[in-house]
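Let me begin by presenting the structure, written as structure tokens, before commenting on it.
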Amino acid sequence: MTLSLSFCLHLSAAIFSIGVYGVLTRSNLIVILMSLEIMLNAVNLSLVAFGRAFLTDLTRDPSGPQVFVIMVLAVAAAEAAVGLSILLAVYRKWRTTNAGEIDLLKG
Amino acid sequence: MDAFVFYISGVLSVVAAALVVTRKNPVHGTIYLVLFFLLVSLDYLILRAPFLAIIQVLVYAGAILVLFLFVIMLLNLSEEELRESTSTTRKGFAGILSAGLFGLLSWGILRSPTVRNMGDLAAPVTSPTLAKAGETEAIGQALFTTHALAFEFSSILILVAILGAIYLTKKRKQTSSAPSQTSLTGLESQEEAGQKHAPADGARLEKRLA
Amino acid sequence: MESALILIPILPFLGFLINGLLGHKMPRRAVSFFACAGPAAAAILSLLAFQQVAGGEGKAIVQSLGDWIRAGSLHVPFGLKVDHLSGVMLLVITGVGTLIHVYSLGYMRDDPGYPRFFAYLNLFMAAMLVLVLANNIVLLFLGWEGVGLCSYLLIGFWYKDLSNARAGMKAFVVNRVGDFGFVLGVFLIFVTFGTFEFDALNAGAAAKVTVSDSSTLWWIGILLFVGATGKSAQIPLYVWLPDAMAGPTPVSALIHAATMVTSGIYLLARLSGLFVASGVLPIVATIGALTALLGALIALTQTDIKKVLAYSTVSQLGYMFLGAGVGAFGVAVFHLVTHAFFKALLFLAAGAVIHSLHHEQDMRKMGGLLRKLPITATVFLVGALALSGFPLTAGFFSKDEILHETLHGGHALLYAVGFVTAILTAFYTFRQFCMVFLGEYRGSAHEGHGHHDTRGALVHHADSSEIRESPWVMLGPLVILGLLSLGGGFLDVPGFLLGAAHETQAAGVGTEAHGPDTGKLTGWILGGSAAIVGILAAFTAFQWSPGLVTRLQGTTPGKIFARLSYNKFYVDEAYDLLLVRPFSAVSLILFYLIDRALIDCVLVGGTGFFVRLTGSALRRIQTGRIPTYTVLLVAGVVGLLTIFLWAAG
């Protein structure tokens with residue numbers, strides 16, 4: 001049994017689409033943030049898969065894709081921290097975590 | 001064997017992700033998210049990224065998820081507050097969009113001859129140096145030599161994120177002392193919010209009872 | 001010296017920057033220092049440069065400062081060059097310029113725009129020096145436009161009076177007409193020769209005229225000459241110069257008599273090879289002679305002390321063009337130099353009179369000032385003698401040499417015109433001298449009337465007891481210029497320039513066909529007698545038998561001539577009727593039809609309306625709710641992805 005790159009990428013695309021679906025349908029900000037984490041993981045998965053697939057071409061920097069993933073991880077951590085604190089601030093002001101009820105972005 | 005495990009864990013991770021986005025209660029969603037992260041970490045292991053697999057468990061499952069749980073518990077949202085009213089049209093529209101996105105991505109993947117001609121990803125690596133790629137030593141080497149600048153920048157990013165988080169969550173006296181805000185921070189405001197949702201909730205409760 | 005050439009224009013420019021930016025915050029003393037230091041330093045540097053060119057090897061000094069413009073085959077270097085011709089010009093500009101700066105210290109002492117005045121004056125010096133130092137015609141054009149700008153700024157210096165601002169505008173617009181020709185000429189030069197450098201142009205033109213048809217060359221010549229007529233106030237574009245006297249008198253002296261208006265002559269001399277080859281010189285000579293005559297005829301009856309000098313300047317510039325037109329470029333430049341001396345002197349002396357009389361310019365209200373202002377009167381007399389061409393003064397040599405060259409070149413008719421003009425020149429000059437300095441003071445006759453001077457302020461006429469000599473800061477430059485006007489004729493400028501041309505073999509200024517000077521002495525006698533006849537006639541008419549003029553004006557031809565001359569032959573009115581009015585009518589139609597209706601309403605208004613329309617439609621999707629935005633975001637991503645994948649295959 002072999003593992004194809006195509007499967008890995010399809011898996012990544014599927015997970016990403018599920019994350020998008022979550023962002024679109026859920027109105028709880030916490031769940032929206034979790035969906036975003038799922039999307040980031042999907043991208044990471046595709047990066048790792050590519051890194052593995054093109055390993056023989058990456059003689060100069062074989063760990064490059066994985067370092068990239070680590071960077072995404074750092075961004076994800078920062079995003080989670082800031083996102084959740086925004087959530088807290090929003091909750092403190094409006095007493096809600098429902099994205100649909102906040103319409104302050106209206107110009 | 002590796003490939004088989006990958007397929008199984010892949011399918012399971014899709015299911016876990018789907019459960020995360022569909023569970024009503026965010027605590028349940030979080031549990032499924034842990035499962036999802038662990039499955040992805042398994043995928044990493046098979047794709048010869050052992051260090052990332054560990055980091056995935058430590059950072060995502062260990063740190064970020066704990067953060068989520070912590071916030072959920074801090075807010076301690078009630079049943080009514082957790083209830084969402086997403087219309088069916090919106091769900092359908094979202095479904096079409098995300099399915100369309102998947103379809104487009106899949107089309108793009110299938111069309112690519114490079115992807116099609118790629119060999120077995122689960123096969124062992126022959127070159128001893130390349131085989132080491134993804135191990136802690138190799139990652140460390142790359143991170144502190146080739147990618148040192150990016151690494152430093154990411155540390156600055158995280159520092160800024162920490163500062164931002166502290167600033168956002170800090171209680172500010174001048175805002176809380178303003179008369180319009182005081183009513184929202186106190187207990188009575190919670191009741192107010194509850195009352196605001198009361199008619200709809202009551203109607204839904206009756207439906208459920210019926 | 002090669003590397004210091006750029007300093008010559010830079011130093012006055014620094015003065016401009018300092019006085020222009022900080023002048024209003026500095027004390028007067030500092031402003032005065034910076035105003036005069038730049039031109040004075042430039043004068044010293046010019047003297048050093050001139051010495052190096054004139055003495056020693058006699059080679060031109062060239063400083064190349066890299067490229068100015070480089071685009072495709074268009075290549076304009078930023079190169080400065082001092083040879084014999086530009087060396088002479090340098091000395092005149094910096095020398096006379098510095099004297100006038102010093103004079104202005106006194107003349108403008110009580111003016112609130114003191115720093116602004118000197119900033120403009122310094123900027124003018126810088127631009128004029130760039131004009132003269134340029135080694136290619138595009139860089140010359142930079143200076144050319146720079147002096148035009150300063151001229152505009154300084155004519156309208158007392159801009160609160162509308163007529164001054166109008167005069168400035170008139171000068172600017174009339175100059176634009178000339179500059180239009182100039183620019184077309186430069187374009188044609190580029191198309192024809194592919195280079196802008198003077199030496200290459202002069203040599204190229206000489207080569208071209210032998211091999212191919214010369215119609216292109218003729219057009220280049222005529223277009224550049226149009227530019228020269230604009231700047232140097234020749235027929236038909238001379239009308240701006242008399243109006244330019246609205247500016248302060250030192251400006252009239254420096255810009256509108258001594259330096260800027262001579263840049264047309266300089267251009268002709270600089271490109272003498274090209275002009276000779278182009279075959280436009282007969283036109284140049286004719287225009288010059290006619291302008292000389294016309295200017296002199298109008299000057300006969302003017303009553304404004306500065307207007308007489310202005311028309312005299314037009315007339316003298318005509319002489320220079322006549323000289324250049326008969327191929328005697330060196331002589332034209334010689335007359336340019338002497339004219340710079342005595343006309344600057346006359347203007348400054350007139351300025352001193354005006355200054356002493358509290359800004360009275362009407363000569364009918366002057367008279368008898370010889371006793372009140374002896375020094376001013378003396379230097380004015382020197383200037384008047386030089387202008388008339390009285391034997392052994394500066395103007396005598398240069399003017400007679402022009403006339404001599406005209407006759408020598410076989411232009412008998414032009415010579416006759418020039419000769420008549422010479423008599424007229426002496427006549428109107430001494431008419432002016434008599435009216436201003438001799439006879440009885442007539443100013444107090446109108447006492448108590450009061451009138452608005454050029455600054456729009458009400459001034460009372462000076463009582464005869466109040467009239468005092470100007471301070472020495474003004475008289476000093478006058479005396480120096482007076483000495484130059486007396487002795488300037490002994491400088492052998494044409495010989496100097498001719499020698500240079502022989503040495504370098506460049507076509508610079510060396511086109512005078514000099515034969516043996518057989519007729520020179522006759523010319524001198526004729527010229528001298530013309531001057532003396534004119535002077536005596538003026539004294540007769542205005543001093544010894546005052547009734548003569550009124551009797552002459554009583555006859556019909558006398559009456560007609562007096563009216564024509566006094567009204568400047570109605571040239572301004574004719575231009576107004578033939579050019580200005582039709583033009584403004586067309587402008588009005590364009591304004592209402594094209595600008596108001598088409599551009600403002602349809603294009604501008606239509607754009608705004610369309611934007612508002614689409615905006616009001618699109619604002620509906622701006623709900624301010626995050627879910628809406630996320631849906632739109634993902635829809636956009638899907639849409640873009642579709643487009644990209646579509647495009648990819």
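Keep in mind that the numbers below use all heavy atoms, side chains included, and drop hydrogens, waters and symmetry copies. Chain letters run A, B, ... following the sequence lines, proteins first and then strands; every chain starts at 1.
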Check whether B:Y167 gets within reach of chain A through its side chain, its backbone, both or neither, counting any heavy atom under 4.5 Å. neither
Applying a strict 4.5 Å limit to non-hydrogen atoms, the region of B:Y60 in contact with chain A is side chain
For the side chain of B:R116 and the backbone of B:R111, is there at least one donor-acceptor N/O pair under 3.5 Å apart? yes
Closest non-hydrogen atom pair, A:P62 against A:T59: CD-O, 3.8 Å
Nearest atoms (heavy-atom pairs only) where A:G51 meets A:P65: CA-CG, 3.6 Å
Contacting region of B:L33 [heavy-atom separation from chain A under 4.5 Å]: side chain
Roughly how far, to the nearest 0.5 Å, is the OG atom of B:S41 from the CD1 atom of B:I54? 6.5 Å
At a heavy-atom separation under 4.5 Å, does A:Y21 approach chain B through its side chain, its backbone, both, or neither? both
Between A:E79, A:R60, A:E37, which residue shows the highest count of heavy-atom pairs closer than 4.5 Å to chain B? A:E37
Tell me, for A:F68 versus chain B, whether the close heavy atoms (under 4.5 Å) come from the side chain, the backbone, both or neither. neither
Under 4.5 Å from any heavy atom of chain A, what part of B:S127 do you find: side chain, backbone, both or neither? neither
Looking only at heavy atoms and a cut-off of under 4.5 Å, which of B:V21, B:L168, B:D43, B:L121 has the most pairs with chain A? B:L121
Let's test your reading of the structure: which of A:A89, A:A74, A:G64 forms the most heavy-atom pairs below 4.5 Å with chain B? A:A74
Between B:L110, B:I46, B:D2, which has the largest tally of heavy atom pairs under 4.5 Å with chain A? B:L110
Interface check, chain B: of A:V82, A:I70, A:V67, most non-hydrogen pairs under 4.5 Å belong to A:V67
Best-contacting candidate, B:G119, B:A123, B:G164, B:S155, against chain A by heavy atom pairs under 4.5 angstrom: B:A123
Measure distances from B:R23 to the heavy atoms of chain A and classify the residue's part below 4.5 Å as side chain, backbone, both or neither. backbone
Check each atom of B:I162 against the heavy atoms of chain A and say whether the ones under 4.5 Å are side chain, backbone, both or neither. neither
Looking only at A:L84, A:L9, A:L88, A:V75, most heavy-atom pairs under 4.5 Å shared with chain B are made by A:L84
Among B:L105, B:L101, B:L104, residue most engaged with chain A (heavy-atom pairs, under 4.5 Å): B:L101
Considering all heavy atoms of both residues, which atom of B:G134 and which atom of A:S63 are nearest to each other, and what is their separation? N-OG, 3.6 Å
Looking at OG1 of A:T97 and CD1 of A:I32, how far apart are the two atoms once the value is rounded to the nearest 0.5 Å? 9.0 Å
Are any of the side-chain heavy atoms of B:Y44 and A:L45 separated by less than 4.5 Å? yes
So what's closer than 4.5 Å to chain B heavy atoms on A:D61: side chain, backbone, both or neither? side chain
For the interface with chain A, which of B:L65, B:T146, B:L77 has the highest count of heavy-atom pairs at distances below 4.5 Å? B:L77
Please look at B:V20 and chain A and tell me whether the side chain, the backbone, both or neither of the residue comes under 4.5 angstrom of a heavy atom of that chain. both
Okay, B:F153 and chain A: the region with an atom under 4.5 Å from a heavy atom over there is neither
Heavy-atom pair of closest approach, residues B:Y7 and A:S4: OH-N, 4.0 Å
Is there a side chain to side chain donor-acceptor pair (under 3.5 Å) between B:Q56 and A:N44 once you walk through the steps? CA-CA 10 Å; B:Q56 172 83 1; A:N44 282 354; 5.2 Å; no
Contact class of B:K170 relative to chain A, heavy atoms under 4.5 angstrom: backbone
Heavy-atom pairs under 4.5 Å with chain A: which of B:F151, B:F37, B:F51, B:F93 has the most? B:F37
Closest heavy-atom pair, A:L11 versus B:G10, reported as atoms and distance to 0.1 Å, is CD1-O, 3.3 Å
What part of B:F68 is in contact with chain A, defined as an atom under 4.5 angstrom from a non-hydrogen atom: side chain, backbone, both or neither? both
Contact part of B:T114 toward chain A, heavy-atom cut-off under 4.5 Å: side chain, backbone, both or neither? side chain
Looking only at A:L87, A:V31, A:L33, the option with the highest number of non-hydrogen pairs under 4.5 Å against chain B is A:L33
Heavy-atom cut-off 4.5 Å, strictly under: side chain, backbone, both or neither for B:L97 against chain A? side chain
For B:V71, is it the side chain, the backbone, both or neither that has a heavy atom under 4.5 Å from a heavy atom of chain A? side chain
With a 4.5 angstrom heavy-atom cut-off, is it the side chain or the backbone of A:M34 that approaches chain B, or both, or neither? both
Report which part of B:I109 has an atom under 4.5 Å of a heavy atom belonging to chain A: side chain, backbone, both, or neither. side chain
If I measure from the heavy atoms of chain B, does A:T56 come under 4.5 Å with its side chain, its backbone, both, or neither? both
Who among A:G22, A:A42, A:A53 has the most heavy-atom pairs with chain B under 4.5 Å? A:A53
